[in-house]
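To keep things clear, I will list the structure first and then write my remarks on it.
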Amino acid sequence: MSETPRIRVTIAAPVSEVWSALRDKDRIRHWHGWEFDGGPDGSLDQEIDLIYFTDVTVGEHRIDLNGGDTIDLEQVEGGTRVTLTRAAPEDDPDWARYYDEITEGWITFIHQLQFAVERHPRAARRTVLLRGKAPSALAAISDDPRLRAGAPYEGSLAGGIAGGRVWFRSDHQLGLTVSEWNDALLVLHRDGDGDVMMALLSLYGVDEDRFSELRDRWREWWHATDARVGAAQGQSSNES
């Protein structure tokens, strides 16, 4: 990688509002990453403390993060331009893949920041994260070249028909709003040309019963694909 990646979005809100979303820990947890608690990686709250509040330098609408990445805000026509600039990459092949994974993570998070500030500025968020072999209907949506930022879509999601608009599209990611789920954001990340996909669903303003229903529907739909793949592979092995 020869160029230092920059991720830019323009958020339809004043600088003060975006700055608050970047410096208030409770607001950060409603757009950064996804919910997790315990295990070798700690928790979402610990991750937020490490990235945004540990050994950082805070200036006027600028944050220098401890790993060398920077976040700058600028008032522009239509709102606030947010620019995440990555630290310069190292000439280490083993580090290169990890560096790219972090860049992809920032692409997700900065667009989730934009969505939270513009669409759900004070709402609590719940998340569902799934990885693995994606359902074919989801893979078809992800691969559709017609789905560019702002385009409408409709498709089969978690056993039902849902629709909305494309929130963003990058080389490896697709962000979709989901109208039927209280204006949710679904981010699909496909690594290369393989079948493995990450799906991150951010739900806002849903109660515990509704969240549990959608989480269970997603898991059942997703893992049914894994079961079908496993059965097909077993049948092929037996036939051989």
Legend entry - V76 with L84, same ILVMFWY side-chain cluster at under 4.5 Å: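 Different hydrophobic clusters.
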Legend entry - Joint hydrophobic cluster, Y98 plus L50, side-chain heavy atoms closer than 4.5 Å: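 Different clusters.
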Determine the minimum heavy-atom distance between [X] and [Y], stating which atoms define it.
X	Y	answer
T80	V15	OG1-N, 3.0 Å
W31	A116	CB-CB, 3.8 Å
R62	W19	N-CZ3, 3.5 Å
T70	D72	OG1-OD2, 3.7 Å
W222	A199	CZ3-CB, 3.7 Å
L174	I141	CD2-O, 3.7 Å

Taking [X] for the side chain and [Y] for the main chain, is one N or O donor matched with an acceptor at less than 3.5 Å?
X	Y	value
N66	D55	no
R27	P121	yes
E180	G163	yes
D69	A87	yes
T54	D49	yes
R86	Y99	yes

Just so I know, are the side chains of [X] and [Y] near enough to count as touching, which here means a heavy-atom distance under 4.5 Å?
X	Y	result
L188	L138	yes
T177	F115	yes
L129	R131	yes
R215	L203	no
L185	L176	no
Y204	D183	no
W181	L201	yes
H61	E74	no

Atom pair [atom1]/[atom2] of [X] and [Y] - distance to nearest 0.5 Å:
X	Y	atom1	atom2	result
T127	F36	OG1	CZ	10.0 Å
I63	L22	CD1	CG	5.0 Å
F168	I107	CZ	CD1	7.5 Å
L113	H30	CG	NE2	13.5 Å
I110	I11	CD1	CD1	7.5 Å
H189	S170	NE2	OG	7.5 Å

Please determine whether a side-chain nitrogen of the Lys or Arg among [X] and [Y] lies less than 4.0 Å from a carboxylate oxygen of the Asp or Glu.
X	Y	result
E17	R122	yes
R210	E213	yes
D45	K25	no
R126	E208	yes

Legend entry - ring pair (Phe, Tyr, Trp, His ring centres under 6.0 Å) partners of F211, counting only residues at least two apart: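 Ring pair (Phe, Tyr, Trp, His ring centres under 6.0 Å) check on F211 returns nothing, list empty.
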Inset, instruction - Could you check whether the rings of W106 and Y52 sit parallel, tilted or perpendicular, using 30° and 60° as the cut-offs? - result: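 Perpendicular, since the angle between the ring planes exceeds 60°.
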Inset, instruction - Decide yes or no on side-chain contact (heavy atoms from CB on, under 4.5 Å) for V187 and W34, but give the supporting numbers first. - result: CA-CA 11 Å; V187 177; W34 52 85; over 6 Å; no
Legend entry - Modelled atom types, side-chain donor and acceptor of H111 and Q173, under 3.5 Å: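 Q173 and H111 do not have a side-chain donor-acceptor pair below 3.5 Å.
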Legend entry - Side-chain H-bond candidate by donor/acceptor type, T83 with R6, under 3.5 Å: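 Absent: no donor and acceptor within the cut-off.
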Inset, instruction - Can you spot which of H172, M197, M198 makes a side chain to side chain contact (heavy atoms under 4.5 Å, CB included) with R190? - result: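 That would be M197.
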Inset, instruction - Applying side chain to side chain donor-acceptor pair (under 3.5 Å) between S202 and each of R125, E35, H120, report the one that passes. - result: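 It is R125; the other options fail the test.
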Inset, instruction - Tell me, with the steps shown, if L130 and R219 meet side-chain contact (heavy atoms from CB on, under 4.5 Å). - result: CA-CA 8 Å; L130 294 165; R219 288 176 175 174; 4.1 Å; yes
Legend entry - Working for side-chain contact (heavy atoms from CB on, under 4.5 Å), residues F53 and I28: CA-CA 11 Å; F53 297 96; I28 294 172; 3.7 Å; yes
